[in-house]
Amino acid sequence: MATIGIDLGTTNSVVASVVGGTPVVIKSKEGYNLTPSVFAITSKGRKLAGHLAKRQAILNPERTIWGIKRLMGKRFDSPECKLLREKYPYKIVPDENGFAAVQIGDRIYSPQEISAFILVELKRVAEEYFGEEVKKAIVTVPAHFNDNQRQATKEAAQLAGLELLKIINEPTASALAYGFRWAKEKKIVAVYDLGGGTFDISILQIGEGIYEVLATSGDTFLGGDDFDARIVDLLAEHLRKETGVDIYSDPMGLQRLKDAAEKAKIELSTREETVVNLPFISSTGKEPVHLIRSIKRAELEAITYDLVEKTIGICYKTIQDAGINIDDITDVLLVGGMTRMPLIRRKVEQFFGKPPVRGVHPEEAVAIGAAIEADALEKRSGEVLLIDVTPISLGIAVKGGVFHKIIERNTKIPVKKVEKFTTSRDNQDKVIIMVFQGESSRAEQNELLGEFILSGIRPAPAGVPEIEVEFEVDHNGVVNVSARDVVTGVAQSISVHQHVSLDEKRRKFAEEELKEFEISLKERW
Amino acid sequence: MVTEKIKSLLQEGLDLYGYGKIEEAIEKWKEVLELDPGNLLAMDYLHSAGIDVDKLFEKEEKKEDIENLLKKGRTLEAYEMIIREERNSLYKMCLFELVRYRLDKEFRERYLKGKVVPQKVVSERELIRKALTPADAFIVSQIDGKLTVEDLIDITDMNEFELCMSLLRLEREGIIKV
């Protein structure tokens, strides 16, 4: 049975596999390499995912879910979620555990359920290609994803009926695709990933199967869609000046304009000039309105220059965070369709002082890398490509709100570590153990994964009781934390991502709904 | 004899009108005008019932056109004609339903049976010379030789009838083929 690698992107997703020894992206029957990460329910109750869902997004804004990756594993009251509630036209609500969810009609969907619909669509693409069921997969996530976000992604894969071999980081997968595997000498690789909706820059140290993320940063609201929006604004302004028509108040016209803007942007990566031709795009009420306008590459570069500069600024800061000099970087990899834009390639080469590595289609790199690792795992060839590490440091809050790391990031897993703590007040009979994930020295600036209370501590002066806190991360990256009073033996524990997962009832309902969706796709195609 | 018939029809109309059966009363008085086109009483009664007698005769001619169009299988034209009219008689309401039923049947056969994929047959440049509404142009912009009619219904958020109407118009204009 075939294995697949899936790049589950914010804007677009890709599925790949190793076929006849060569990793390839699997095209859908309709001929597409990319599948939009969009899910919708039409006014008639029909569920759509991928291209069809994207095409009706502007006409059906409140029932079309896009960019769901930004909400994966996020709490409703987080600052990021607050920002998204202002930006997204669809309804974002809290679930019963306080995590962000979306509402379509009366139904509330968790982000992992929405992602599962997109994964079912990708699964369909793979099954049509292979002519048989496909189950085993690797799914990728951004390097900065915390435990809740990773757990939500795992759950999405399980809901979609996939047997998840592993979750791997996107820059790591890209490096695999570009051929960076076991290396005798350590290499420092910069992965510049500009996709449809987000920008990520990661600095990796690669050597002997370990892909250490030295630093990672980005902008979750900077991507190809913003470049499209600049072209839409340009064309809309042209239309307004020529005819007085406000295309923003015309959903059908705006949808056509958006599609044309994306097409023009792509064409200008290989041509110096393109023509946008949209007959009958609107009407003044008395006569039809046509839009015909040429756009030169130089004009596109002028109206998007600031966006590219912003990515370079983030690269500069990330290199500083990694504690290295720019000359230490041995290779630069480009990932994401937007990196085909000549301006971006020029600026990246200029900044890093070396041309990016070629040889892989940038929009395919992540999925290809995931497929390579999936194939190696399944064949158990003995060729270990990746050694798993914890991506982000784990620890607890101690006195004064300080974050005390117990497991440092990039520690090989599985791992178990025990540290001893004590009480801060006389006769303190309980302690609250708050588990955080992050790199800040202040606990409240990191992500709270969970908390529990250890009661029944032997009364004693402050500093006398011995409380052992054990952190365990298993081979799947599942984090378990326990605490024990050494003298009395009283203990308590927590599996920290319990609350982001769906409960039994919701899970069953979601699985049934996804099964029906899968059947409807098979009947349709 | 005709005079007796006319008297009887006039009275029957009055009786029906008195019972609130306006439509039936109108039909009786119209029958009078068919027998005796200038009958003042019938015209007066019809006027009281809110009927413009002059327009009545105009529309009577168009009614035949619609029926002829239906007989010739030009259902779309018949529909385009009848939707512009007031459906202020039982006959017209029935005719409208008949035209719509025939059109609906034609749509199901032509567009909604199996996986029908429309294809564009003109370029963007040629499109400007046609007569389209923005909604029609939007549908044309979505036709890529891969989407089925069902898919188009989903992504345009139009109901089946509206979309099929557009498709039939676009076929008639030579912009698409199925």
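In the text below, chain A, chain B and the rest are named by the order of the sequence lines, each starting its count at 1. No hydrogens, no waters, no symmetry mates; every other heavy atom, side chains included, goes into these values.
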Subject >> chain A contact via Asp136(B) - side chain, backbone, both or neither, heavy atoms under 4.5 Å >> reply: neither

Answer yes or no: does atom [atom1] of [X] have more than 12 heavy-atom neighbours from other residues, nucleotides or ligands under 6.0 Å?
{"X": "Glu62(A)", "atom1": "CD", "value": "no"}
{"X": "Glu171(B)", "atom1": "CD", "value": "yes"}
{"X": "Tyr101(B)", "atom1": "OH", "value": "no"}
{"X": "Lys130(B)", "atom1": "NZ", "value": "yes"}

Less than 4.5 Å to any heavy atom of chain B: does that hold for the side chain of [X], its backbone, both, or neither?
{"X": "Asn277(A)", "answer": "both"}
{"X": "Leu278(A)", "answer": "neither"}
{"X": "Leu48(A)", "answer": "side chain"}
{"X": "Thr42(A)", "answer": "side chain"}
{"X": "Asp259(A)", "answer": "side chain"}

Original post:
Got Asp144(B) and Arg55(A) here, is their nearest side-chain heavy-atom distance under 4.5 Å?
Top reply: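 In contact.
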
Original post:
Do Leu59(A) and Ile155(B) come within less than 4.5 Å of each other through their side chains, counting heavy atoms only?
Top reply: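 No - every pair of side-chain heavy atoms lies 4.5 Å or more apart.
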
Taking all atoms of both residues into account, what is the closest heavy-atom pair of [X] and [Y], and its distance?
{"X": "Met158(B)", "Y": "Lys44(A)", "value": "O-NZ, 3.0 Å"}
{"X": "Pro279(A)", "Y": "Ile128(B)", "value": "CB-CG1, 3.6 Å"}
{"X": "Arg256(A)", "Y": "Phe138(B)", "value": "CG-CD1, 3.7 Å"}

Output the distance between atom [atom1] ([X]) and atom [atom2] ([Y]), rounded to the nearest 0.5 Å.
{"X": "Gln142(B)", "Y": "Leu52(A)", "atom1": "CD", "atom2": "CG", "answer": "10.0 Å"}
{"X": "Leu132(B)", "Y": "His290(A)", "atom1": "CG", "atom2": "NE2", "answer": "9.0 Å"}
{"X": "Gln255(A)", "Y": "Thr156(B)", "atom1": "CD", "atom2": "OG1", "answer": "11.0 Å"}

**OP:** Heavy atoms only, distances under 4.5 angstrom: which of Asp154(B), Ile153(B), Leu127(B), Thr148(B) has the most pairs with chain A? Name it, please.
**Re:** Asp154(B)

